[in-house]
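What follows is a set of notes on a single structure, which appears directly below.
Predicted model, so just to flag it, every value in this text is computed and none were measured. Read the numbers this way: they start at 1 and go in the same order the structure lists the ligands and their atoms.
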Amino acid sequence: MDFELLEEQKEIKRAASEFAKGEFDKEVALELSKNHAFPMEIHKKACKLGFIGMHYPEAYGGQGYGILENSLVMEEFCRQDSSIGIALSVCNFSSEIILRFGSDEQKKKYLIPLTKGETISSGAFTEPDHGSDITQMFTTAILSDGEFVINGTKTFITNGTIAKFAIVLCQTDPNAKPPYRGQSTILVETGREGFEVSDVGEKMGIKMSPTTEMAFNNVRTPRENLIGELHRGFYNVLEFFDESRILVGAQGLGIAQGAFDRALDYTKKRTQFGKKLVDFQITQHKLADMATKIEVARLLVYKAGWNFDHKGIDPKLTSMAKMFAARVAVEVADEAIQLLGGYGYITEYEVERFYRDAKITEIYEGTKEIQKNTIASAIIGKLK
Ligand SMILES: Cc1cc2nc3c(=O)[nH]c(=O)nc-3n(C[C@H](O)[C@H](O)[C@H](O)COP(=O)(O)OP(=O)(O)OC[C@H]3O[C@@H](n4cnc5c(N)ncnc54)[C@H](O)[C@@H]3O)c2cc1C
């Protein structure tokens with residue numbers, strides 16, 4: 001057993017860290033966050049340097065790395081800045097559905113522009129009435145004259161206002177029993193007639209990442225936009241989550257590490273009662289607890305990534321990594337605010353933004369309760 005990253009992986013992590021330190025300027029981040037603006041320029045530079053889609057094969061614009069290498073990059077990005085890190089981490093959201101289930105032509109057409117920074121993608125699964133439970137969709141896509149005619153509404157969709165396309169989970173057979181056997185994943189270009197997108201409104205954190213509602217009113221897409229097999233969409237999305245949730249774990253890990261770094265730095269500088277904060281034993285114990293949690297989260301996220309790359313899907317391990325790292329992100333960012341006292345509550349000091357950004361990792365791509373269901377069903381098995 002060897003817990004060391006390979007030299008190449010260490011180099012990727014170092015390169016991501018250097019890029020983030022050089023480009024994720026604190027004042028720029030505060031401004032982008034205030035203006036709810038996606039970090040477009042930084043995104044383009046990250047693409048140019050090969051940080052986006054590095055896990056796609058070279059034929060599709062990537063570098064043939066795995067989810068572990070991708071996680072190392074997103075950890076470092078989120079460590080430097082939680083909001084920019086998350087925005088970049090999800091700029092090609094759901095593209096792995098194309099990578100895994102799309103045709104060669106679809107992969108070339110849609111993945112290469114994502115790696116070049118020419119496109120941003122989105123994945124539309126959640127509906128106003130269906131969030132955790134995606135076994136039935138009210139959004140329908142009915143084949144007519146060689147085209148899908150799509151009707152329905154999706155909500156909370158990341159990147160809706162800036163994406164060129166969305167992978168939409170639709171009910172293609174409304175009579176299927178059970179309903180999830182009649183769902184399909186369909187790529188919809190956001191410029192199509194009958195497609196409308198709007199912002200869902202003010203939210204707690206990740207303000208650089210647009211969260212939107214998508215309405216489909218008789219939107220027609222060619223049959224060739226079907227990704228994977230007809231009526232297999234539900235399974236496509238589940239397999240996608242088994243990969244993408246590892247990346248959410250990496251987001252949580254990076255946010256926790258970034259909040260910890262700031263707290264450690266602050267407690268070494270701040271003096272109260274004639275002592276540096278870091279000289280109080282209670283501060284030392286808090287830092288020790290934070291560091292231990294981060295280390296465990298790192299082990300789980302890296303193991304889940306390594307396992308995915310070498311052995312394939314393991315929903316239990318993915319859910320453990322996502323659930324645990326997300327909790328650690330929230331707890332460590334909370335403690336970081338406490339260690340900074342009143343300054344921790346002030347935006348300029350960053351940790352309050354890390355805290356607000358951390359919370360989403362416990363909600364999107366499956367809440368922590370849903371991760372527990374996955375873990376439990378894997379360890380207990382089907383009950384009679
Ligand atoms: C900022 C943001 C970005 C998002 N981005 C996307 C995106 O890009 N694409 C997309 O499709 N979706 C996206 N989502 C949606 C997100 O995935 C859902 O919000 C999430 O899956 C929960 O669904 P819900 O909000 O409907 O809550 P519900 O499913 O209604 O859950 C409410 C509560 O009940 C609990 N619960 C539900 N079912 C069970 C159960 N069986 N056992 C125990 N507890 C249960 C949940 O854990 C939760 O605590 C985003 C959400 C947000 C807030």
Q: Find the distance between CD1 (Ile227) and CD (Gln106) and round it off to the nearest 0.5 Å.
A: 3.5 Å

Q | Stepwise ring pair (Phe, Tyr, Trp, His ring centres under 6.0 Å) test for Phe77 and Phe24 | A | CA-CA 8 Å; Phe77 282 8; Phe24 301 5; 5.3 Å; yes

Q) Atoms of ligand 1 less than 4.0 Å from Asn373 heavy atoms? A) 40 (C), 41 (N), 42 (N)

(Q) Please tell me whether Tyr364 and Thr158 have a donor and an acceptor in their side chains that are separated by less than 3.5 angstrom. (A) no

Q. Starting from atom 26 (O) of ligand 1, which protein heavy atom do you reach first, and at what distance in Å?
A. Gly131 CA, 3.1 Å

Q: Could you verify whether a donor N or O on one side chain and an acceptor N or O on the other, from Asp357 and Gln251, lie under 3.5 Å apart?
A: no

Q: Tell me which protein heavy atom sits closest to atom 49 (O) of ligand 1, plus the residue, atom name and distance to 0.1 Å.
A: Glu369 OE1, 3.5 Å

Q. Do any nitrogen or oxygen atoms of Phe93 come within less than 3.5 Å of a nitrogen or oxygen of ligand 1?
A. no

**Q.** Side chain, backbone, both or neither: Thr211 near ligand 1, heavy atoms under 4.0 Å
**A.** side chain

Q. How close does the nearest protein non-hydrogen atom get to atom 8 (O) of ligand 1, and which residue and atom is it?
A. Thr158 N, 2.9 Å

(Q) Can you name the atoms of ligand 1, numbered from 1 with element, that are less than 4.0 Å from a heavy atom of Glu365? (A) 17 (O)

Q.
Considering both backbone and side-chain atoms of His130, is one of its nitrogen or oxygen atoms within less than 3.5 Å of a nitrogen or oxygen in ligand 1?
A. no

Q.
Can you confirm whether some protein heavy atom lies under 4.0 Å from atom 53 (C) of ligand 1, or whether none does?
A. yes

Q.
Side chain or backbone, does Ile360 bring an N or O within less than 3.5 Å of an N or O on ligand 1?
A. no

Q. Any ion pair linking Arg356 and Glu352 (charged N to carboxylate O, less than 4.0 Å)?
A. yes

(Q) Under 3.5 Å, is there a donor on one side chain and an acceptor on the other for Tyr65 and Glu8? (A) yes

Q: Indicate whether the side chain of Thr139 and that of Glu127 have a donor and an acceptor atom separated by less than 3.5 Å.
A: yes

Q: Specify whether Phe240 and Phe125 have parallel, tilted or perpendicular ring planes, treating 30° as the upper limit for parallel and 60° as the lower limit for perpendicular.
A: tilted

Q: Give a yes or no on whether atom 34 (O) of ligand 1 lies under 4.0 Å from any heavy atom of the protein.
A: no

Q: May I ask you to check whether Lys203 has an N/O atom sitting below 3.5 Å from an N/O atom of ligand 1?
A: no

Q) Does some side-chain heavy atom of Ser121 sit less than 4.5 Å from a side-chain heavy atom of Leu114? A) yes

Q.
Please list the nearest protein heavy atom to atom 9 (N) of ligand 1 with its residue and the distance rounded to 0.1 Å.
A. Gly123 O, 2.8 Å

Q. Going by atom types alone, do Gln257 and Asp261 pair a side-chain donor with an acceptor below 3.5 Å?
A. yes

Q: Establish whether atom 20 (C) of ligand 1 and some protein heavy atom are separated by less than 4.0 angstrom.
A: yes

Q | Sub-3.5 Å N/O-N/O distance, Phe125 and ligand 1 | A | yes

Q. For atom 39 (C) of ligand 1, what is the nearest protein heavy atom, given as residue, atom name and distance?
A. Ile370 CD1, 3.9 Å

Q: Compute the shortest N/O to N/O distance between Ser132 and ligand 1 and return yes if it is under 3.5 Å, no if not.
A: yes

Q) Given Phe156, Tyr364, Phe241, which one has a non-hydrogen atom that is nearest to atom 7 (C) of ligand 1? A) Phe156

(Q) Looking at Tyr266, I'd like to know if the NZ or CZ of Arg270 sits under 6.0 Å from its six-membered ring centre while staying within 45 degrees of the ring's axis. (A) no

Q | Part of Lys154 with heavy atoms under 4.0 Å of ligand 1, whether side chain, backbone, both or neither | A | neither

Q) Heavy atoms only: which of Thr126, Val237, Val90, Ile157 is nearest to atom 18 (C) of ligand 1? A) Thr126

Q) With atoms numbered from 1 as shown, which atoms in ligand 1 lie under 4.0 angstrom from a non-hydrogen atom of Thr367? A) 22 (C), 46 (C), 47 (O)

Q | Donor + acceptor pair across side chains of Asp173, His231 (<3.5 Å) | A | no

Q: Hey, can you tell me if Tyr349 and Tyr343 have their rings parallel, tilted or perpendicular (30° and 60° cut-offs)?
A: tilted

Q. Does atom 30 (O) of ligand 1 have a protein non-hydrogen atom under 4.0 Å from it?
A. no

